[in-house]
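By convention in this document, chain letters (A, B, ...) are assigned in the order of the sequence lines, proteins followed by strands, and residues within each chain are numbered from 1. These values consider heavy atoms only, across backbone and side chains, with no hydrogens, waters or symmetry-generated copies.
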Number of protein chains: 2
Amino acid sequence: MNDLVEVPNSELRMRRSTTAEQIKRLILTSGLRAGDPIPTETELCQELGVSRSSVREAIRRLATLDIVEVRHGHGTVVGQMSLAPLVETLVFRGVLSPGDDLAALREVVDMRCALDMALSDRVVSVHKGKNNPTLLDLVDRMLAHAEAERPFLIEDRQFHNELLLPVGNQLAVQLVTAFWDIHTAVLPKLDLALPSDLRQTAKAHGDLYRSAQQGDAEAYRRAVVDHYEPLLRMLRVKSRP
Amino acid sequence: MNDLVEVPNSELRMRRSTTAEQIKRLILTSGLRAGDPIPTETELCQELGVSRSSVREAIRRLATLDIVEVRHGHGTVVGQMSLAPLVETLVFRGVLSPGDDLAALREVVDMRCALDMALSDRVVSVHKGKNNPTLLDLVDRMLAHAEAERPFLIEDRQFHNELLLPVGNQLAVQLVTAFWDIHTAVLPKLDLALPSDLRQTAKAHGDLYRSAQQGDAEAYRRAVVDHYEPLLRMLRVKSRP
DNA sequence: CTTCATTTGTTCGTATGTATC
DNA sequence: CGATACATACGAACAAATGAA
């Protein structure tokens with residue numbers, strides 16, 4: 001009965017899951033870069049031969065991955081391909097807390113620490129003997145905020161960003177920043193008392209930069225451990241009731 | 001004519017960007033886990049008070065992030081929240097090669113190496129003195145394939161997976177696997193001769209496991225460097241014409 | 001094996017909000 | 001201010017896949 005039905009299925013399968021793929025290929029073959037505009041929805045409908053809704057869902061998919069960026073009333077441009085999707089996925093996994101209490105968050109902090117350790121030699125070598133006013137200023141502001149008993153999330157995030165920027169690996173910077181985002185997004189959603197060792201945390205950042213500037217890799221790695229140790233200890237305690 | 005339409009605008013604004021958020025909240029408040037079914041599209045339309053198209057686009061977004069998984073003709077279930085979105089984003093960034101030749105791929109391989117180095121102590125400690133038949137078998141098969149001049153991607157991927165599994169950090173395993181996927185997906189799409197030092201690569205894997213088993217962290221780290229060195233060298237050469 | 005209900009996939013038409021000129 | 005182009009949203013209809021009766 002259905003012997004004669006020639007590949008109606010695979011035909012659809014080829015298209016269904018690949019409307020987004022076709023748009024990606026179009027971006028590649030057109031040599032577009034981040035920020036360049038891509039064809040409008042109606043143009044894509046004609047070029048790809050699919051309906052408006054399909055194009056919209058495909059664009060939604062690509063926008064979710066930050067491969068394109070939709071600007072309401074203006075158009076769609078090629079995106080920055082950031083790690084935003086990674087952040088959203090892992091934040092949700094963290095707040096879902098799959099039975100194992102805090103395991104997801106602990107793994108995120110664990111990886112932050114591991115990344116900092118892995119990059120320690122390079123961080124130290126690029127900052128050795130140099131003076132970075134931005135980092136010095138950030139450390140000062142963190143110390144001031146700590147004295148005033150106020151948090152300093154913005155400075156914290158920017159500090160880690162600036163510290164890794166000169167190593168020359170964009171992906172590394174983005175990964176560290178992404179895990180920072182995940183960490184700070186998940187932590188408040190779980191109703192546990194924040195450590196709030198503000199002074200200790202601010203001081204740890206100062207130690208990080210100072211040891212890097214002095215070219216002391218061992219001291220830098222000790223500062224990394226000090227930086228995460230209170231938080232990791234709290235997570236371990238909380239997760240073993 | 002439309003004077004009676006009360007606040008259609010702000011109402012829409014509130015909902016527009018949060019249809020996906022509402023579904024996420026529904027998953028959380030319902031205490032659903034990976035694999036559990038979520039309401040059907042029509043049910044979500046009623047519960048959230050939006051059209052089917054909006055629900056579909058929201059679900060598409062969540063499916064892209066692997067927060068849900070859609071099964072045609074069956075329904076939608078909570079997803080695994082894997083790192084698939086990270087892989088797709090970075091693969092595309094890799095093949096887009098933004099002017100800087102091979103820089104994206106080089107950074108990915110660089111991060112693979114950094115992750116392996118960061119986890120070296122833990123890998124060595126969990127394998128020290130133990131016998132893992134799976135890893136031994138994988139090394140044997142890689143050596144056999146190398147002798148027969150055939151690639152062994154499947155064994156390679158599984159080797160790194162098995163090697164890191166016992167460290168107890170799911171995220172670390174997934175990150176390493178994700179970067180492996182990105183690396184092997186991007187490399188063939190750039191038309192450059194693969195190194196194809198099959199024997200050397202197979203031998204490097206044997207060295208990795210052997211040094212871990214013997215508890216020699218220094219030897220393990222040397223094996224990591226040997227494992228990536230040919231590829232990194234090729235990338236550096238190719239990118240500086 | 002067939003039939004049927006359920007669910008997702010695709011398409012079309014229409015109306016509305018939004019940004020640019 | 002209007003005009004145009006674009007994205008956003010909704011609803012209805014039909015196609016395709018799945019699973020159970």
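- Closest to the side chain of A/Arg56, out of D/dG19, D/dA7, C/dT20, is D/dA7.
- Regarding contacts with the backbone of D/dT8, every side-chain N or O of B/Ser54 stays at 4.0 angstrom or more from both OP1 and OP2.
- A/Thr76 meets the side chain to side chain donor-acceptor pair (under 3.5 Å) test with no other residue; sequence neighbours excluded.
- Taking the charged nitrogens against the carboxylate oxygens, B/Arg157 and B/Glu155 have no contact shorter than 4.0 Å, which rules out a salt bridge.
- Of the charged side-chain nitrogens involved, none lies within less than 4.0 Å of a carboxylate oxygen, so that A/Glu88 and A/Arg93 do not count as a salt-bridged pair.
- Side-chain proximity of B/Arg60 to the nucleotides C/dG17, C/dG9, D/dC6 is greatest for C/dG9.
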Inset, instruction - Go through B/Tyr228 and B/Asp110 one step at a time and tell me if the side chain to side chain donor-acceptor pair (under 3.5 Å) criterion holds. - result: CA-CA 9 Å; B/Tyr228 292 110; B/Asp110 202 25; over 6 Å; no
Nucleotide N/O of nucleotides 12-14 of chain C paired with protein N/O under 3.5 Å:
| residue | atom | partner | partner atom | Å |
| --- | --- | --- | --- | --- |
| C/dC12 | N4 | A/Ser53 | OG | 3.3 |

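- Remark: A/Thr42 is not in phosphate contact with D/dC6, judged by side-chain N or O atoms under 4.0 Å from OP1 or OP2.
- Side-chain atoms of B/His74 and base atoms of D/dT18 include no donor and acceptor less than 3.5 Å apart.
- Contact annotation: A/Arg71 does not reach the phosphate of D/dC6 (side-chain N/O to OP1 or OP2, under 4.0 Å).
- Salt-bridge annotation for A/Asp137 and A/Arg141: present, with a side-chain N of the basic residue lying under 4.0 Å from a carboxylate O of the acidic one.
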